[in-house]
*Asks:* 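This is the structure I want to talk about, given as structure tokens.
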Amino acid sequence: MVDLKIQLGGLQMKNPVGAASGTFGFGSEFEDFFDPGRLGAIFVKGITLKNREGNDYPRMAETASGMLNAVGLQNKGVDYFIETIFPAIKHYDTEIIPNVNGSTVDDYIEVTEKLNEVKGIHAIELNISCPNVKEGGMAFGVSCPSAVAVTEAVRKAWDKTLIVKLSPNVTDITEIARGVEGAGADAVSLVNTFLGMAIDARTRRPKLSTVTGGLSGPAIKPIALRMVWQVYHAVKIPVSGMGGIMNAEDAIEFMLAGATTVQIGTANFIDPQVSVKVIDGIKAYCREHGFDRVSDLVGAMEG
Amino acid sequence: MVDLKIQLGGLQMKNPVGAASGTFGFGSEFEDFFDPGRLGAIFVKGITLKNREGNDYPRMAETASGMLNAVGLQNKGVDYFIETIFPAIKHYDTEIIPNVNGSTVDDYIEVTEKLNEVKGIHAIELNISCPNVKEGGMAFGVSCPSAVAVTEAVRKAWDKTLIVKLSPNVTDITEIARGVEGAGADAVSLVNTFLGMAIDARTRRPKLSTVTGGLSGPAIKPIALRMVWQVYHAVKIPVSGMGGIMNAEDAIEFMLAGATTVQIGTANFIDPQVSVKVIDGIKAYCREHGFDRVSDLVGAMEG
Amino acid sequence: MKRVQDFKLKSYRRLNRENYILTLQGDYLEKDMHPGNFAEIQVPGLPEVFLRRPISILDFDPAKKTISFYIKAIGKGTRQLGRLAEGDTVNIVYPLGNSFSVPRKGKVLIVGGGSGIAPFVLLGRALQQQGVETTFLIGGRTRNDIFLTEEFSRYGTVLVTTEDGSRGEKGLVTGHSLFAGSMNFDRIYTCGPDPMMKAVARLAGQRGIDCEASLENLMACGIGACLCCVTPSPGGNRVVCTEGPVFNTKVLGW
Amino acid sequence: MKRVQDFKLKSYRRLNRENYILTLQGDYLEKDMHPGNFAEIQVPGLPEVFLRRPISILDFDPAKKTISFYIKAIGKGTRQLGRLAEGDTVNIVYPLGNSFSVPRKGKVLIVGGGSGIAPFVLLGRALQQQGVETTFLIGGRTRNDIFLTEEFSRYGTVLVTTEDGSRGEKGLVTGHSLFAGSMNFDRIYTCGPDPMMKAVARLAGQRGIDCEASLENLMACGIGACLCCVTPSPGGNRVVCTEGPVFNTKVLGW
Ligand SMILES: Cc1cc2nc3c(=O)[nH]c(=O)nc-3n(C[C@H](O)[C@H](O)[C@H](O)COP(=O)(O)OP(=O)(O)OC[C@H]3O[C@@H](n4cnc5c(N)ncnc54)[C@H](O)[C@@H]3O)c2cc1C
Ligand SMILES: Cc1cc2nc3c(=O)[nH]c(=O)nc-3n(C[C@H](O)[C@H](O)[C@H](O)COP(=O)(O)OP(=O)(O)OC[C@H]3O[C@@H](n4cnc5c(N)ncnc54)[C@H](O)[C@@H]3O)c2cc1C
Ligand SMILES: Cc1cc2nc3c(=O)[nH]c(=O)nc-3n(C[C@H](O)[C@H](O)[C@H](O)COP(=O)(O)O)c2cc1C
Ligand SMILES: Cc1cc2nc3c(=O)[nH]c(=O)nc-3n(C[C@H](O)[C@H](O)[C@H](O)COP(=O)(O)O)c2cc1C
Ligand code: FES
Ligand code: FES
């Protein structure tokens with residue numbers, strides 16, 4: 001028997017595998033494929049204060065072992081989430097974790113305050129790393145003072161587990177991680193997408209309406225893994241690791257590098273059942289390699 | 001007739017395609033496959049003041065659409081290059097461009113001063129972005145003041161075209177590009193490899209002896225392309241673009257994004273004849289799309 | 001119910017250099033499929049093709065547990081699918097998207113071009129079953145670009161236009177003489193290149209005829225999870241893979 | 001001269017579940033190939049396999065323009081190569097690396113294990129042509145891991161060890177009774193797992209016999225351009241793909 005339970009900050013998860021924000025809708029999109037309640041957590045798609053239409057089409061481009069997206073946080077706003085979406089998904093036997101976004105610190109605070117009143121939400125993920133919005137987003141996550149400022153502000157408005165999602169588009173991700181740790185984050189999640197771009201040589205035009213977008217998928221895995229390893233050694237709070245996880249082996253590598261939990265993103269598009277396969281694969285690995293608790297994998301890479 | 005000639009700073013190249021440092025040896029390794037003199041330039045493998053053994057085995061790991069390397073600048077030192085290697089390759093009808101490395105600013109200066117005396121070398125590439133050495137290397141390239149300092153110092157020791165090779169492992173590559181432009185660089189080349197890592201889940205050990213290494217190949221192309229485009233709009237000096245170029249189409253995308261010349265790296269390992277295919281492909285593209293001069297491609301992406 | 005499922009390539013029927021029909025056979029076949037539904041096909045064996053490709057369901061046979069696709073090779077993925085051998089495994093997510101509305105009686109026109117004709121075999125059959133009188137108008141550059149007309153002729157009248165006049169009337173579908181006369185259709189269905197569909201929608205609108213278009217779009221997930229596949233509309237961005245691919249063209253503001 | 005060249009898969013011969021021989025045929029075949037040379041084979045159709053794979057040249061036939069490889073499926077790439085169908089295109093860079101030295105007369109011992117037996121067909125033949133008396137000592141876990149002995153027996157005496165004693169002497173190659181007696185070999189050649197080669201080198205050294213080992217190593221380019229493939233030696237890091245893969249074990253300090 002392998003104990004899959006894991007603790008992310010104050011949040012108890014029944015297994016270490018979550019679905020990454022923006023890649024799993026609100027969970028219901030996957031109901032035909034498996035019971036979303038099997039996941040450790042669902043990081044639901046990015047939420048803002050008000051309704052957002054997102055960016056113009058085209059918003060997506062395929063790249064070698066990856067993809068660029070420029071969705072731009074299309075969503076119906078926090079009130080709609082609280083009133084309409086959450087009631088329809090809260091019965092899943094898993095943690096529903098809203099991904100909180102804003103153009104200004106006040107936006108972040110307002111969204112957080114509203115979520116703070118909702119029973120059944122035990123953690124939020126503060127997204128200071130979205131590369132696809134004109135204002136706010138990644139701008140907060142690539143400078144230490146602004147990352148600290150927004151984390152501190154949100155910390156005051158939020159009573160439960162606060163996970164801050166970091167941008168990989170920085171020189172030193174450990175500096176930002178330490179900053180948000182000091183500002184009261186209970187955990188960090190990384191990485192969000194890398195700022196990238198694609199051009200159609202034939203038309204000589206950018207492939208995305210926004211020119212640049214966020215790169216995700218296996219292409220970024222080696223960089224994401226390195227950052228998780230660096231942050232694991234730089235802070236005391238737990239890390240939720242992601243970036244190109246396609247199977248259980250990838251997930252295990254992130255845990256060995258120091259991730260307490262993992263999130264599956266782009267892989268959900270390739271195989272909608274991937275997350276349950278990852279859960280089963282982690283369990284099998286623990287059994288085979290003599291780990292009684294999945295938590296023993298965390299940081300277990302041998303130097 | 002398409003005019004392939006192109007000007008990189010003061011350096012006249014007969015076509016815009018170079019071989020990237022560390023991926024083409026000194027050129028002679030490819031003689032069986034094609035005449036290295038067909039290239040616009042050969043950026044020969046990284047040179048240091050003294051002989052370096054490089055890092056321990058294993059130095060390489062395959063990743064999704066890419067590879068990690070941790071060679072660590074294995075080379076026999078600048079004197080050996082000047083006395084033994086250069087005389088054997090200088091007959092190639094192309095520009096031989098040494099890639100200059102150092103652990104300290106003085107190292108860089110000393111190597112440069114020696115090369116400055118060599119007839120037939122018209123440009124050097126100052127590598128301030130090697131992620132695989134304990135001292136110097138990338139450390140110079142990820143902070144603007146130190147990038148500026150080493151560029152200024154080398155500028156004084158070097159009379160001809162000075163190309164500075166930038167690290168992509170930074171928050172804002174335009175800041176560093178502007179810094180080295182101000183410090184006297186005639187051109188910038190980008191990108192060097194991304195700091196990444198790989199773990200063997202079975203053995204729970206890092207795949208590289210150095211734990212982290214440099215990621216190259218098509219996986220990084222979208223990020224490299226974005227950086228070239230940003231730098232093109234940030235500085236007046238020309239850009240030599242690279243990162244995952246596998247074919248002519250990729251090379252054209254870099255030129256459309258703003259690269260005056262391109263460099264082929266990892267692709268040389270997959271197809272040793274790739275660079276001539278890229279030259280031919282660029283020529284064909286120009287013919288098809290009505291460009292008389294390859295230089296007209298530079299920055300020709302339509303917003 | 002949507003499924004991810006492995007199939008075996010049962011037969012490959014080449015129509016010409018660029019067009020082919022793939023028939024897959026599975027241990028199981030979902031039966032709840034409707035005209036306009038599509039599948040997300042995983043392209044095996046090509047590093048450059050990372051994402052699945054959306055392809056309309058051409059036909060299916062519950063008894064044989066087969067499902068087929070009509071594919072036009074226009075790029076890396078669609079070319080690679082055409083290189084598979086019989087017996088190869090192909091993984092698909094299906095059935096996806098909404099479907100064309102099928103009235104209980106009346107007279108309809110179906111206008112298709114390019115690979116946009118694929119959904120019209122299932123649609124034609126469903127319409128016939130309801131006793132709807134169907135006219136198919138299929139356009140292409142030359143007669144070598146016109147496919148599936150034999151199939152369509154089982155379900156209704158087939159008209160053709162080609163740009164070079166090598167088959168049917170010369171010109172674009174929207175220039176067909178049909179549109180000159182009185183158009184007593186209750187609905188027009190269209191699928192094909194965007195400009196064609198928009199022109200058809202305009203002609204329909206002018207005559208007050210209801211029009212449904214099935215849109216193409218770059219998709220990542222096909223199940224409404226990524227929000228990559230949007231089309232603008234007066235009411236905001238619409239998610240093509242779940243709200244569509246079939247839209248009433250009024251909804252799109254066309 | 002080294003070449004990058006497309007070949008067609010002419011025949012696939014499966015030895016058992018994990019071991020097989022691929023024979024490729026080309027429009028042209030480089031003839032200047034020597035025992036110990038290898039090729040960098042591009043693995044088609046698998047996104048996870050980005051780099052070529054180094055594989056020793058098992059044999060070649062200038063008349064038929066064929067070249068063959070003995071491959072043990074141990075990972076992604078070597079498994080995928082075993083899934084190719086006849087007629088598939090395989091691109092290789094060849095011939096690469098240095099080669100075993102072939103003396104003009106005398107008596108030699110060849111010690112091989114695992115996939116490390118591949119270079120010894122060409123070597124055995126070359127030695128025979130020189131009139132050298134050759135003994136092959138091949139080791140494996142069980143008799144199901146012993147291959148190519150029929151080939152080898154054409155060029156010399158073949159001895160076998162298996163760990164379970166199911167064929168030949170029981171134990172490791174280095175435990176073979178041969179090593180107990182007086183070893184009047186002029187040279188020992190070895191290829192296989194590192195620990196085996198090191199043990200063989202030690203035994204050779206103790207007896208003052210010259211020893212050549214062909215090393216395995218992770219390679220990116222195979223042509224000396226990347227410096228990824230190194231092995232430590234008292235004289236510094238050696239580049240395995242150009243200075244090797246064959247080294248005199250004294251050079252390696254073994
Ligand atoms: C709901 C739906 C149903 C479809 N049904 C069919 C069908 O039955 N048969 C069929 O042959 N095709 C169909 N398509 C189109 C098919 O999905 C594309 O042709 C395919 O994805 C192209 O992939 P590729 O790898 O061959 O092209 P790529 O190499 O990826 O691209 C080649 C070129 O085509 C453009 N392109 C690719 N996909 C699309 C797209 N979806 N929309 C607009 N431009 C695109 C690219 O930007 C590029 O310029 C359908 C699309 C949708 C959304
Ligand atoms: C000069 C030379 C000649 C060779 N000749 C043959 C031959 O004739 N027949 C044959 O079957 N094999 C031969 N090999 C070994 C062969 O190259 C590897 O088995 C192959 O590259 C493995 O690829 P893969 O994708 O199947 O394994 P992967 O999936 O890439 O790796 C599977 C596991 O094997 C390890 N591994 C992979 N390659 C090597 C290597 N080269 N050295 C050490 N560990 C490795 C990996 O680290 C991993 O743990 C030779 C190697 C060299 C260097
Ligand atoms: C289409 C798409 C939409 C995304 N939307 C969000 C989002 O709203 N909020 C967020 O924090 N991250 C978002 N992300 C980032 C992912 O959650 C994840 O951090 C990233 O994709 C890296 O993981 P992966 O490589 O496994 O996909 C999005 C990613 C994709 C591909
Ligand atoms: C094996 C290897 C060795 C390299 N050595 C050097 C080097 O010595 N100096 C340098 O500036 N860049 C070096 N690089 C970086 C390349 O020149 C290039 O910047 C990088 O690989 C990105 O391009 P690519 O994706 O086309 O390979 C090396 C890259 C590889 C893969
Ligand atoms: S393709 Fe992902 S939402 Fe439509
Ligand atoms: S594999 Fe590149 S130098 Fe040997």
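Any value given below was found using the heavy atoms of this structure, including those in side chains, with hydrogens, waters and symmetry copies removed. We name chains A, B, ... by the order of the sequence lines, and we start the count at 1 in each one.
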*Asks:* Rounded at 0.5 Å granularity, tell me how far CE in B/M138 sits from OG1 in A/T171.
*Replies:*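 Output value for this atom pair is 8.5 Å.
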*Asks:* Evaluate the side-chain proximity of A/L215 to B/I223: yes if any heavy-atom separation is below 4.5 Å, no if none is.
*Replies:*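 They are in side-chain contact.
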*Asks:* Give a yes or no on whether the backbone of A/P222 and the side-chain of B/T63 come within a donor-acceptor separation of less than 3.5 Å.
*Replies:*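 Flag not set: sc B/T63 to bb A/P222 has no pair under 3.5 Å.
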*Asks:* Between B/S65 (side chain only) and A/A219 (backbone N and O only), is there a donor and an acceptor less than 3.5 Å apart?
*Replies:*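 Flag not set: sc B/S65 to bb A/A219 has no pair under 3.5 Å.
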*Asks:* Could you tell me if the side chain of B/R204 sits less than 4.5 Å from the side chain of A/E302, heavy atoms only?
*Replies:*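 The answer is yes; the side chains approach within 4.5 Å.
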*Asks:* For chain B, find which of A/S167, A/G66, A/G196, A/G217 contributes the most heavy-atom pairs closer than 4.5 angstrom.
*Replies:*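 Among the listed options, the one with the most contacts to chain B is A/G196.
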*Asks:* Measuring from B/D200:CG to A/I252:CD1, what's the distance to the nearest 0.5 Å?
*Replies:*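 Separation between the atoms: 11.5 Å.
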*Asks:* Among residues two or more places apart or on two chains, list those pairs meeting salt bridge (charged side-chain N to carboxylate O under 4.0 Å, His left out) that have a residue in residues 249-260 of chain B.
*Replies:*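 Listed once each, the pairs are B/K221-B/D250, B/K221-B/E253.
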*Asks:* Using a heavy-atom cutoff of under 4.5 Å, enumerate the residues of residues 207-214 of chain A that contact chain B, numbered in order, or state 'none'.
*Replies:*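 Contacts with chain B: A/V211, A/T212.
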*Asks:* Under 4.5 Å between any side-chain heavy atoms of B/M301 and A/M197, yes or no?
*Replies:*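 With C-beta onward as the side chain, the pair touches.
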*Asks:* For B/T260, which residues count as a side-chain hydrogen bond (donor to acceptor under 3.5 Å, both in side chains) partner, sequence neighbours excluded?
*Replies:*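 Not a single residue meets the side-chain hydrogen bond (donor to acceptor under 3.5 Å, both in side chains) criterion with B/T260.
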*Asks:* Which answer fits A/L225, side chain, backbone, both or neither, if we ask what part of it has an atom under 4.5 Å from a heavy atom of chain B?
*Replies:*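 The answer is both parts of A/L225.
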*Asks:* At under 4.5 Å between heavy atoms, what parts of residues 270-295 of chain A are in contact with chain B? List them by residue number.
*Replies:*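 So the qualifying residues are A/Y285, A/H289, A/F291.
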*Asks:* At a 4.5 Å cut-off on heavy atoms, which part of B/A198 comes close to chain A: side chain, backbone, both, or neither?
*Replies:*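 Just its backbone gets close to chain A.
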*Asks:* Against chain A, label B/L195 side chain, backbone, both or neither, depending on which of its atoms sit under 4.5 Å from a heavy atom there.
*Replies:*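 Backbone plus side chain of B/L195, per the 4.5 Å heavy-atom cut-off to chain A.
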*Asks:* Return the minimal non-hydrogen interatomic distance between A/A257 and B/I199, and the atom names on each side.
*Replies:*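 Smallest interatomic distance, heavy atoms only, reads CB-CD1, 3.7 Å.
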*Asks:* Go through A/M255, A/R205, A/Q230 and name the one with the most non-hydrogen pairs under 4.5 angstrom from chain B.
*Replies:*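 Among the listed options, the one with the most contacts to chain B is A/R205.
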*Asks:* If you take all heavy atoms of A/N169 and B/R226, which pair is closest and at what distance?
*Replies:*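 Shortest heavy-atom contact: OD1-NH2, 3.7 Å.
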